[in-house]
2 protein chains.
Amino acid sequence: MNGADSLTHTLVAGGVKTCFTNPGTSEMHFVSALDRTTGMRCVLCLFEGVATGAADGFARMTGTPAATLLHLGPGLANGLANLHNANRAQSPIVNIVGDHAITHRKHDAPLASDIEGAARTVSAWVRTSQSASAIAQDTADAILAARTPPGGVATLMLPADVAWSKGTAPVTVPPPPQRATVPQEAIREAAALLRKGEAPVLVLYGPALRTRGLAAAGRIAMATGCGLIGEMSNARLERGAGRVDIDRVPYVVEQAVAKLKPYKTLILCGAKAPVAFFAYPDKPGELWQPGARIHTLAKRDEDIVQALEALADELGAKKEAPVAEASRPAPPSGAITLESIGQAIGALLPENAIVVDESITSGRNLFAFTRGALPHDWLQNRGGSIGYGPPVAVGAAVACPDRKVIALEGDGSAMYTLQALWTQAREGLDVVTVIFANRSYRILLGEMSNMNLGNPGPKALDMLELRRPDLDWVKMAAGMGVPGSRVTTIDEFVRDFGRALRARGPYLIEMVF
Amino acid sequence: MNGADSLTHTLVAGGVKTCFTNPGTSEMHFVSALDRTTGMRCVLCLFEGVATGAADGFARMTGTPAATLLHLGPGLANGLANLHNANRAQSPIVNIVGDHAITHRKHDAPLASDIEGAARTVSAWVRTSQSASAIAQDTADAILAARTPPGGVATLMLPADVAWSKGTAPVTVPPPPQRATVPQEAIREAAALLRKGEAPVLVLYGPALRTRGLAAAGRIAMATGCGLIGEMSNARLERGAGRVDIDRVPYVVEQAVAKLKPYKTLILCGAKAPVAFFAYPDKPGELWQPGARIHTLAKRDEDIVQALEALADELGAKKEAPVAEASRPAPPSGAITLESIGQAIGALLPENAIVVDESITSGRNLFAFTRGALPHDWLQNRGGSIGYGPPVAVGAAVACPDRKVIALEGDGSAMYTLQALWTQAREGLDVVTVIFANRSYRILLGEMSNMNLGNPGPKALDMLELRRPDLDWVKMAAGMGVPGSRVTTIDEFVRDFGRALRARGPYLIEMVF
């Protein structure tokens, strides 16, 4: 048993049984150990950003970490943007980065770099294993760190000679610490504020957005008349018919300020007080009303759901929460508009679907039309680095082979990590990708105007439009083994989307409008 | 004039007139300033690794920096791997990263991250501009830092409010410092070692690999009988008929050791003493003979060419150096083999071609068959992070519109940055891309054996082969607007490669073998 075996056996014994890989020479002993380790599924990705995003999607849907296998500093670099998103989503990931042999460091070979320095920018925990006798414990510590509430990226560097030297037996990983119980005082204070009734709203985060947490929030809302709102972007929101329906803080500053205007008391349930995604000259960064009172019911790493349930009981709320009724729009017909897109997806969304939403401007109407759809999960980009969607769809589909994954993608966004389509084809993943092909970074055209920069001139337009030439997503997908079709009316979309949902396996629809 | 205008005007006045961009909201004022700045060419890239690699290619061919425009920490992250390669190539780049407004930092918005921390891992110089009154000077300092010998990546963070606040007039950029003259003592000692004649070899780097440096090295070799060798990977090597021909240190450790075995005296001309690219159990990291004497003629940032010329004069070498004679293989016929690939490229390589070599295993015979080809430049990956080729080809083609760029790509490598094809199409760049589609990370199959790991089992094979499904490069290229064809015999390759070389504009050939 060499160090790489100690690593892989500790991973499997610690419940980490999926590895998203993009190997290189310095990881050959790791690859070889994975090869002979029973119980570990390896999923090859042709770009590291696919591997790290897939690990994020896997973590969101299972609550447990997958591992990655990245090739030295540059491999980590390519995976960094989606690790940023994952760490902001508090997704547990055991992020394993191969490194040169410790004995090789003095040579400053071409691929050498400050791996820890880069890793620290996206990790909750970072360590370089120093010997094959330490690697099993290092691995156990990484798993524990990734799973410690609220969860995050644990990056473990594996020098090649640690992998190939004589290792030890695997180490047992203790269960992660429980989320800390919220102090009674915070609950009582929240109850007092809610009873006082100065226009309160619960701002919900993470675990509060799953069925049980939402039910408790719904009971509180019914008992007190308070508002319920989620953060702008959420790692996983359970919604649809039979679940407590909430809205989110909008992206556009004016809309967000208007949405929060009625509220004078913010009760934070794991969430941060809402701030603008970007800064603009002469627009506020804090989105709540000046002077509003802010109370923290639960911190991000505390037991938010338990706190919401205790708060509901403290308020004497009824046991039943009001939930969204089943209601679906009729399938639309005619032109493709933001409204008809929403109608079409609302009409067809299948039960238990996992929606990976990177639709940017094209998806702004989706939420309203899917409130009463069959129960489903809605995943968003927590870190804002685009290109999160296709890889997260890979990970969600690996995690939940019996559920349909629907990736809603802006064309600009999907280009960053299009290599994910190949992994979807190789693994036969049940992912339907919809590309909203508006041939532009449409959001930036809006932001030019939000910044009062007037109409873009030709050079600026060239930087904001994806035209000349148009991308052909059906060809690119076919080149990676994913079948697809192009639609130019909403009727064609309803037809092809419906067909793809009834079939199994990856499919791509390019919607041109 | 706002801060962004101060930046763009200082860039143009400082000779930085090309910007490879991938903008986001926080860079809208920068985009707007570029829009109204005369004399700045903007090239949109659909992934940041394309922008940074293109800046590398541009720098290699012009010796002067292009700018980049990246979107916050995650945009930098996506560009990091090719910045690593660029910084290892000592390519001057003014790497501009937008950031949240300084006033917005306290909000820890989703895209916030430690940008400087990530930038330091790949940069020779890092600064965050603190105000619109400082940005012009910051920009001038960045240009100067990028151009200071030996050259490197200067990363300048541009907070959004620095861009939109009132700026100042542009700042004049002083000329970069000259390379320091090599001390006479180092030259005299080198001369003494060469006269002593204990099996000396000149190890050449960077500027020594251009025609003038090579001529001086050739004179020295003729006068003393010493060997000449380049590092394993070189930023830009001028070669072909009429130039002094040198070989490089091979990648495979045993071959490298055998190549350096005859030499007992290494004279480093800007180069490092050759080390193994990777570590292997029981193989040496230092490739030279134990006990060999190592003398530094010139350091990397010194005037290496002047030192070589002084050394040649000191040795009384003749003025004329022996150069490669024109000789080209006949176009081959039949099956595709490593040999016939070399023959075909040697037969057809046009004058003044810029070869961007990321052929990995498929290209190991190329050098031998192109020694006597028409004069051309050969560019290699200095940092070892794969996916450098398609973007560097973009930058080289932007820099040298009258020269043919030939990108030789492994299929695995090209997948990391395939988005570069779109920019080639949009800009009408004269790049012929050859994909060596062996459907595997072929080099890693060899490395498994170099590590004595035996035959890979099915799980390892799944991580080393790109099959199931095969990639279709012709379709992917067409999806990005680049025409192409697939060849399965060397005759077809000779036909299609020849046709593509005679035409103008981007073309892709997928060679399946």
Side-chain angles (χ1 to χ4, degrees), chain A residues 21 23 25-26 28 31-32 34-35 42 44 46-47 74 77-78 80-81 84 88 100-101 103-104 107 109-111 113-114 117-118 120-121 160 164 275 277-279 281 285 382-385 415-416 419 425-426 447-448 451 453 456-457 459-460 462-463 468-469 471-472 475-476 478-479 481, chain B residues 21 23 25-26 28 31-32 34-35 42 44 46-47 74 77-78 80-81 84 88 100-101 103-104 107 109-111 113-114 117-118 120-121 160 164 275 277-279 281 285 382-385 415-416 419 425-426 447-448 451 453 456-457 459-460 462-463 468-469 471-472 475-476 478-479 481:
Chain A
T21 77
T25 298
S26 40
M28 284 295 102
V31 166
S32 189
L34 289 167
D35 200 22
C42 297
L44 177 64
L46 301 188
F47 174 67
N78 283 333
L80 220 52
H84 169 85
R88 289 257 173 196
H100 281 307
T103 56
H104 204 64
H107 299 310
L111 276 164
S113 68
D114 175 10
R120 270 190 289 272
T121 68
W164 74 50
V275 295
F277 198 88
F278 286 112
R382 288 279 299 171
S385 176
M415 272 305 277
Y416 289 76
Q419 304 92 336
R426 173 180 258 199
E447 296 286 31
M448 284 292 268
M451 297 281 185
L453 286 168
K459 267 205 286 189
D462 259 358
M463 284 187 267
R468 299 176 302 282
L471 293 164
D472 183 328
K475 281 189 183 146
M476 290 193 286
Chain B
T21 75
T25 298
S26 39
M28 283 297 101
V31 166
S32 190
L34 289 167
D35 199 23
C42 297
L44 177 63
L46 301 188
F47 174 67
N78 282 333
L80 218 53
H84 168 86
R88 288 258 173 195
H100 281 308
T103 56
H104 204 64
H107 299 310
L111 275 165
S113 69
D114 176 11
R120 269 191 290 271
T121 67
W164 75 50
V275 295
F277 198 90
F278 286 111
R382 287 281 298 171
S385 177
M415 271 307 276
Y416 289 76
Q419 303 94 336
R426 174 181 258 197
E447 296 286 30
M448 282 293 267
M451 297 283 185
L453 287 167
K459 267 205 286 189
D462 259 358
M463 283 187 268
R468 298 174 304 278
L471 293 164
D472 184 327
K475 281 190 184 146
M476 289 192 287

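Letters A, B, ... are given to chains in the order of the sequence lines, protein chains preceding strands, and every chain is numbered from 1.
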Between [options], who has the most heavy-atom pairs with chain B when the cutoff is under 4.5 Å?
{"options": "A:Leu46, A:Leu34, A:Thr103", "value": "A:Leu46"}
{"options": "A:Ala118, A:Ala160, A:Gly384", "value": "A:Gly384"}
{"options": "A:Asp114, A:Leu44, A:Val275, A:Leu111", "value": "A:Leu111"}
{"options": "A:Ala77, A:Cys42, A:Pro281", "value": "A:Pro281"}
{"options": "A:His104, A:Arg468, A:Arg382, A:Met415", "value": "A:His104"}
{"options": "A:Ala101, A:Gly481, A:Ser32", "value": "A:Ser32"}

Looking at every non-hydrogen atom in both residues, tell me the closest pair between [X] and [Y] and how far apart they are.
{"X": "A:Gly117", "Y": "B:Thr121", "result": "C-CG2, 4.2 Å"}
{"X": "A:Ala81", "Y": "B:Pro74", "result": "CB-O, 4.0 Å"}
{"X": "B:Met476", "Y": "A:Gly479", "result": "CG-CA, 3.8 Å"}
{"X": "B:Ala460", "Y": "A:Val31", "result": "CB-CG1, 3.8 Å"}

Note to self: Just to verify, what does B:Phe47 make a ring-ring contact (aromatic ring centres under 6.0 Å, His included) with, not counting sequence neighbours?
What the structure shows: A:Phe47
Item checked: Contacts of type ring-ring contact (aromatic ring centres under 6.0 Å, His included), residue A:Phe278, not counting sequence neighbours ->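 In terms of ring-ring contact (aromatic ring centres under 6.0 Å, His included), with neighbours along the sequence ignored, A:Phe278 is linked to B:His71, B:His100.
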Heavy-atom distance under 4.5 Å to chain B: side chain of [X], backbone, both or neither?
{"X": "A:Arg88", "result": "side chain"}
{"X": "A:Thr21", "result": "side chain"}
{"X": "A:Ala478", "result": "both"}
{"X": "A:His107", "result": "both"}

Atom [atom1] of [X] and atom [atom2] of [Y]: how far apart are they, to the nearest 0.5 Å?
{"X": "B:Thr25", "Y": "A:Met451", "atom1": "OG1", "atom2": "CE", "value": "6.0 Å"}
{"X": "A:His84", "Y": "B:Ser113", "atom1": "NE2", "atom2": "OG", "value": "5.5 Å"}
{"X": "A:Gln419", "Y": "B:Leu471", "atom1": "CD", "atom2": "CG", "value": "10.0 Å"}
{"X": "A:Met28", "Y": "B:Met463", "atom1": "CE", "atom2": "CE", "value": "8.5 Å"}
{"X": "A:Lys475", "Y": "B:Lys475", "atom1": "NZ", "atom2": "NZ", "value": "10.0 Å"}

